[in-house]
Every structure is written in C-alpha cells, then in structure tokens.
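From a predicted model like this one, the values you see are computed outputs, not experimental measurements. We name chains A, B, ... by the order of the sequence lines, and we start the count at 1 in each one.
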Amino acid sequence: MTSTLNGITLKGSAELVANFFSFGINSILYQRGIYPPETFSRITHYDMNLQLTTDPKLKNYLTKVVSQLKEWLFECTVQKFVLVITCLETNEVLERWQFDIDCDKSAKESSAPREKSIKIIQDEIRSVMRQITATVTFLPLLETPCAFDLLVYTDKDLLVPDKWEASGPQIIDQSEEVRLRSFATSIHKVNSMVAYKRTDSV
Amino acid sequence: MLLSNRLMMDLEDDTSVLTTLKSFNSFISHTEAPQRLSEGSAGSGNLHSQYKRSMELLEAGERVHSNNRYLQLDGEKKQMELSHKRARYELEKVASDSARDLEHEVDRNQDLLGRLKKFQERETEAAKNLSEQVEANRALRKNMEGLNRKLEERDTRLNTANQTISYLKDEIRELTQRIQNQDSTTSSQTLENQELQEQLDLQRRKYQEVSQLCQSLQAAQSSCSEHIVKIKELERRLALQEQDIAIVKTVKSAVAKVPDLEKDLKRLREDNAFLRESRENCSLLKEEVEGLRRKLERMEKKKEELVNIELEKERLAEKLKAWENLGQSTGLNIRKPEDLSREVIHIQQREIALKEQNYTLSSRVRSAERSQNEHRAELCLQRSKTLEEQKKRETQDSLVRRLQKRVLLLTKERDGMRAILESYDSELAPTEYTPQLNRRLREAEDILQKTQSHNVEMEAQLTKAQEETGTLKLQLQTVELELESLKKHQASAADSNTSGTKEELSILRQKIEDLESERQRLEEQNNILEMRLERHMLQGDYDPIKTRVLHFKMNPTTIAKQQRQQDIDALREEVTRLSELVRSQKEGGAMVQGDSSINASLSPSLPPSKEVVDLRKQMEILELRNQRLKEVFQSKIQEFRTVCYVLTGYQIDITTENQYRLTSVYVEHMDDSLLFKKGSNGSMQLMETVFSKTLGEMMALHLHHQKSIPAFLSAVTLDLFSRQTII
C-alpha cells in the first residue's frame, strides 16, 4: 500500500489497480470454472474471502502480466484490460471481461499525493469483486473446456516489450453486455463490464 | 417454746447488765485507786476523808453486794419463773398431747366401732353366703354323683374302645404285612418295567432304522420318479428327433429342388446384371436429362434476357433519336456527341460563372443575415431586458403596494396602540400596569422605528427601481430608434435589389430550411453513430490509429489450443491403431471355427488376447459336452421306447403337441392306431380314427362305463392277440 495515510501517489495507485486486477482475474477464473476449484486456495484480502490459484504455471503467467501492467499503469499508457474466455472445441470467444482504465495524465511522479481514503477505495474494490461473484447468476454456463487470455489495449506509439505480441481484439459475435460497478483511486478510474455470447443464437 | 425463748432472752439481758455492772465497778475501782493514792499524799487531814471515803466505799460495796444479791435473787426468781414457765409449758404440752391422744383414741374408737359394725354385717352376709354355699355344695355333690356315673360309663366305653383299638392294631399289622408284600411285588414289577422299557428303546431304535429305510425308500422312489420324468423327457426328445427326421426329409426334398433354384439363380443374376447396366444407363440418362433441363432453363433465361435487351435496345434507340433530335429541338449546331459535350461544357462554364455570382451574392446575403441575426439577437436581449425590467417594476409595484398596505396596517396598529395607550392613560389604573405599559410602549416604539426604517428602505428601493426603469426606458427608446433606423436602412438596401433578390431570398430561405433539416438529420445520425461507437467500444472495438492490442505470447489459450491439438492427434493415432486391431481380431475370429491353423498363421503380428482364446476353448468344450449329452439322451430314449413297446405292446408316438398315437404290436395293418389327446386339465381323451371306429364296443365298456384307459388298451391288445393270424 501507499506510504502516506490518505494520499495516493501515482505509483501507489498503479499498485492498487494492479492488485485489484490480480485478485479479480483469480476470482473470475475460479467463478467461471476455467481451472478446477481444487487448484485454488482461499485467502483474505480487501476484508473479504478471495480465491487465489496455486497452479505454478498460471501464477507465473499472471505475475508477469500484472507486473508489466503495473509499469504501463505508472506510465498512464494503458486504456483497457481485457480477459477473454475462448471455447477450445470451436475456438469461439464466449466471454469477455473488459476493464476500461481512465488515467488522469496530469498526475505525474513528482506531483503531490491526492487525497482519497484508502478505505473508500477498498470498499469500492470490494463491491466490484462482489459483483463479479454475483455475475455467476446470469452468465451462461461454460460447459465445454475453455481457456483464457489477457489482452491489454495500449497507446499505439508504445514500445512492445519482449514476450508480448500484437493480437486481435477477440470480439464476441452477437454479444450481450452488462456494465458493472467502477472504482477510482484519485488518479486512475476503472470501469468494469462483462460481455457474453448470447445463448439463444448458439 | 416461745416462753422458753423469752426466758432465755431475759437471762441474756440480765447477764449483760451484770457484765456491764461488773465493768463499771472495775472502772470505778481503778479510778478510785489512783484517786485515793493521789489524795493520800495530801496530808493527815485527809484521814477523815479517807475514813469517810472508806465508809462510802464500804457502803458502796455493800450496796453493790446487795445489788448483786438482788440481782442474783432476781436471777433466781427469773430462773424459777422460767422453770415455772417451762414446767407449765411442758404440762401444757403434755396436756395438749394427751388431749390429742384422747381425740385420737376417740376417733379410733369410733372407727373401730364402725369397723365392728361392718364386720358384723359382713358376718351376717358371710353366714348367708355360707348357707348358700352349703346348698350349692349339696347341689354340686349331686352333680358330682351324676358325673361320676357318667365317668363310669365313659370308662366302660373307653374299655370297649381300647379293645377295638387293639383289634385295629392287629388289623394294621396285617395290613402292613400286606403292604410289604405289595411293595415286593411292585419292585418286581418295576424291574419288569425297566426290562420292558429297554425293549421299548430297542424297538424305537428299530423303528428309527425302519423310518430311515423308509426315507431312503422314498428318496429312491423320488429318484425313480425323476428317472421316469427323465425317461419322459427322453421320449419327448425322441419325438423331436423324429420330427427332425421329418424335417430332414423335407429338407432333402427341398435340396432336390436346388438345381432348379440354381438355374433360377443364374437367370436372376443375369437379370440383375442387366438391370444394373440399365440402372447405370438410367443414371446416365438422368444426368443427361438434368443437364438438358439446366440448359433449357438457361436458354429460357437467356430468352427473357434477350427480350429485355431488345426492349432496352428499343428504348436506347428512342433515346438516341431523342438525343439526335435534341440538337434539332434546341436549335444548336449539334450533330455529334462532341458538339453536345462542347455545348455541355459551355453551359457548365456558364453555370460556374453563375454559381460564382451566386456564391458572392449568397455571401453578401449571409453577411446581411448575420447582421440581421445580430440585431435580432440584440432585439431579443433588449426585449428580454425590458421584460425583466417590467417584471421588476411590477414586483416593485407589488412590493410598494404591499408596503403601503403594511404601512396602513402599521399606522392602524399604531393608532390602535395609541388608543390603547390613551385609554390606559385615561383610566389611570393602579401602578401595577405601568411597567407593563411602559414595556409595551417601548416595544411599540421599537416596532414603529423598525417599520419606519423599513419604509425608508423600501422607498429608497422604489426610487432606485424607478430610476432604473427610467434609464431602461431611455435605452429602449434609443434601441427602438436604432432598430427603426436599421429597418429603414435595410428597407432602403432591400428596395434596390427587390426585383432580383426577392427570388434569391426565397431560394436562400428554402436552402436554409433544407440545411436546417439536414443538420437535424445529421445530428440524429451523429447520435446514432455515437451510440453505435460506444456499443462497439463496450464490445471491445478500438480505434486502430490510437490504440493497439497486446497479449502475452505464451498465454494460456494458445498453450491450451496446442495441448488440445496434440491430444487430438494422439487420439486419432490411437483410434486408427485400435481400428486396425479390431479388424484383425474380427478376421481372426471368423477363421477360428473353420481352421485353427490358419488362425495361428493369420495372427502372428497381432497377439490373440488370452480371454478370446479361453472363451473359444470353453465354447468347444461346451459344444462337445452338448453333443455327448445329445447322443446319450438319444440312446436312452431309444432304449426306453423299445422296452415300453415290448412290455406294454404299444408304440407311443407324439404326432403333434399333446397328441399321442398308439400302435399295437398285434395290429393287422400298420396304419391302425389310436390317437389320444391331452386335455387342458391333464386328462387323456381318445380321438376318432379309422381303427377306433372298429372298437366301439370296447370303448363303451372300458372308457364310458369303467372309465379306465389302461383297461381299454389291454382289452384291445387281448382282442388283437386273439385275432392275430401270425404268431
């Protein structure tokens, strides 16, 4: 967390958002059953019980992505962060979890920390996580074996780091979108939404 | 006793008196002694005195002595008195005691007298009692005598009883003897009993053995019955075998038809081949037909197109003619399309020039419109300002009215208050009211002052508002003047171009309207497109110019896809391998029944599974067993049937279900047989045959009257035996 009590620096905000993504992705993977539930262990964070994966390969992948994402958040060059769930049999995209990131570019490294209570931010994050858990009620069941992918929408003139490549947006054909809650540190604002393939058209 | 006490007390007093006297005397003697001595020294003169003194002393002494004597005599007297008293007392006591004793004696006497009387009475009573007793005694003696007599009788009886007792005892002895005899007999009998019981046990054991034998017999019987059942089954199988024989015969007959069938087969095959060829031809023909049909359709379409094209051609020809005539109609020098194009270019140039003019005019118009709009806007502003000022003025007027009303009310209040005050002053009530009045006065004065100040403020505001309205009015008037001037200017400006520009204005107005409608439409389209864009953004679309989508190269989806592909390939390979295995197994399985060696040679590459080999072996064993059982049953059945035939004289065949045909040994013709049918309730019924018609008498006798089938059958045998010609 941040060093000052109430003020959020750019670095601290980037870390908060990256942590949220890390836990959020784990939660989504657990809820949607992409990985078997026995590979998840229960931990407490943001004053609630969350699931974290114990699969070493998955952990490794997530840490790499999240660390790179943290850098980009610090540079304010990331626009969206998307988790795509594809069906392995038909290679169709079934679900898309999209997080739009608005970065206040006026807050640079040297500027003073902004006033926003960490508790409020945590409450907001908690409500978003709870909503993610609640989406299970209306999202269609994923019956076929699925795999997931993480996409990052960045500015065009960015240098592509090693081990990353360009990809398509992987949009769902005939999707239903549902907007979820958003949370904001005083520097970054994250809007969440989930898009899923309409089941009657399948 | 009291007297004695009193005496003692008096004595004591006397003694004390005496003692005191003695003491006094002693004292005096002492005092006198020293006095005397003292006086002695005085001189001889004192001898007289001394003599006197000594005489005095002697007198005193005598006195004392007399006193002492007196006292002694008193004492003695007292003692005498005391003794008198004592004696009296004692006498009195004695008297009293004697009186008492007397009394006692008298009492006792009386008592004794009474007792005497009582005793006398008792004596009389006792005498009476005595007499009575004597009489009773006499009666009792009589009773005694009676009793004695009874006793004697009883004695006699007792004697007799004793005699009887003795007799009885003798009898008892005899009985005991008999009992002993009987005991001996019972013992002997118990011994016999025991022997009998032993015999009984032996018998029981024998019985058990016998029962066991019986059970074994029954078991043997059941086994016998089972054997009989088996025999029946074997007979049934025999019948089935005979049926099979019949079937075989039919099969043979069918087999005889085989060559004919083969011929038919050949013919049919030829027909088949022919039909196949014809079918192929048919299919070919069908394809040709379809091709022709398609061609037909195309041709028809082409025809239609042709027709359309011809129509178009005519139209185009007409157009051409019209175009050619154009030149003639317009009067221009047009013969070729080049001239037309030239003319068109001219016209276009003219158009361009006109358009330029149009544009300049439109720009002027636009500027004019702009200025007009500005003025209009100013007008609106001013109008709105005036409206506001009017509203303000109205509000001010209303405020003024309200204030005036309030002032009126306040003045009324004040008058009222003043009246009250005056009334209070006039009444000059007690001093209690004065402080309240003063307070009220002060309050009223304060209120008055406040209202006055408020009034002053309102008046000031009013004046300000009035001034503002005045200024605004001035402004309005100036603006109106300017407007009028502008209008005049515009009118003057417009008058110059009225003829030409009125049309342009209308055209321009129309253009403006069109542009406005187009703008609205474009706005709507813009909104729709924005919504669509947002939706696309939600779906994940992005602007390729500004953003780029990145992902990790080794992401889980690609890894999973690769894994899946590998799995699929592996599964496919396994599937092909397993299908080959299965095919080889099937071929190997088909050959097993015919030739096992070939099976062994066929499957060197594929190892036959142990289960399959075991199952095949089991199958062979079971089939062998089956065959053996069949042979055994056949032989047994045959044996049994022959035995039955020999012993009973009847050959029993099962023709159909539940129908049994009996042919006798001694029958004259081989076709003579009896048919029995088994009914649903298990009873056998004789069916009518040619032979049975001849046995009507025996049937009536044995079946209808005696109701016995064996009797009937034996009667038939005997009859046939008697009739037989060949022995």
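Of the two parts of A:Tyr35, only the side chain, counted from C-beta on, holds a non-hydrogen atom closer than 4.5 Å to a non-hydrogen atom of chain B. Neither the backbone nor the side chain of B:Ile559 comes within contact range of chain A; no heavy atom of the residue lies under 4.5 Å from a heavy atom of that chain. Using a 4.5 Å cut-off between heavy atoms, B:Met537 touches chain A through backbone and side chain atoms alike. Both the backbone and the side chain of A:Ser175 come within contact range of chain B, with heavy atoms under 4.5 Å apart. Using a 4.5 Å cut-off between heavy atoms, A:Lys163 touches chain B through backbone and side chain atoms alike. Neither the backbone nor the side chain of A:Val82 comes within contact range of chain B; no heavy atoms are under 4.5 Å apart.
Between chain B and the residues A:Asp149, A:Leu150, A:Val160, the most heavy-atom pairs under 4.5 angstrom are made by A:Asp149. Of the residues considered (A:Pro145, A:Ala195, A:Gly168, A:Ser167), A:Ser167 shows the highest number of contacts with chain B, using heavy-atom pairs under 4.5 Å. Put simply, of A:Ile172, A:Asn191, A:Leu158, the one with the most heavy-atom pairs under 4.5 Å next to chain B is A:Leu158. Chain B forms more heavy-atom pairs under 4.5 Å with one residue of A:Gln68, A:Arg96, A:Lys64 than with any other, namely A:Arg96. With chain B as the partner, the residue from A:Gln79, A:Lys57, A:Gln170 showing the most heavy-atom pairs under 4.5 Å is A:Gln79.
Environment of NZ in A:Lys189: crowded, with over 12 heavy atoms of neighbouring residues, nucleotides or ligands closer than 6.0 Å. Counted within 6.0 Å of CE on A:Met48, heavy atoms from surrounding residues, nucleotides or ligands total more than 12; the atom is thus considered enclosed. By the neighbour-count criterion of 12 heavy atoms within 6.0 Å, atom CD of A:Glu38 is densely surrounded, having more than that number from other residues, nucleotides or ligands.
With rounding to the nearest 0.5 angstrom, the CD atom of A:Glu165 is 9.0 Å from the CG atom of B:Leu550. If you take CG on A:Leu62 and CZ on B:Phe552, they are separated by 10.5 Å, rounding to the nearest 0.5 Å. Within the model, atoms NZ of B:Lys553 and CH2 of A:Trp164 stand 12.0 Å from one another, a figure rounded to the nearest 0.5 Å. Expressed to the nearest 0.5 Å, how far CG of A:Leu88 lies from CG of B:Asp567 amounts to 10.0 Å.
Between B:Pro556 and A:Ala147, the closest heavy-atom pair is O-CB, 4.0 Å.
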Kindly indicate, with the supporting measurements, whether the criterion side chain to side chain contact (heavy atoms under 4.5 Å, CB included) is fulfilled by B:Ile545 and A:Lys156. CA-CA 7 Å; B:Ile545 299 168; A:Lys156 179 101 182 174; over 6 Å; no

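Although no hydrogens or angles enter the test, the distance criterion places no donor-acceptor pair under 3.5 Å between the side chain of B:Arg548 and the main chain of A:Tyr153. For B:Thr557 (side chain) and A:Phe148 (main-chain N/O), a donor-acceptor pair under 3.5 Å exists by modelled atom type.
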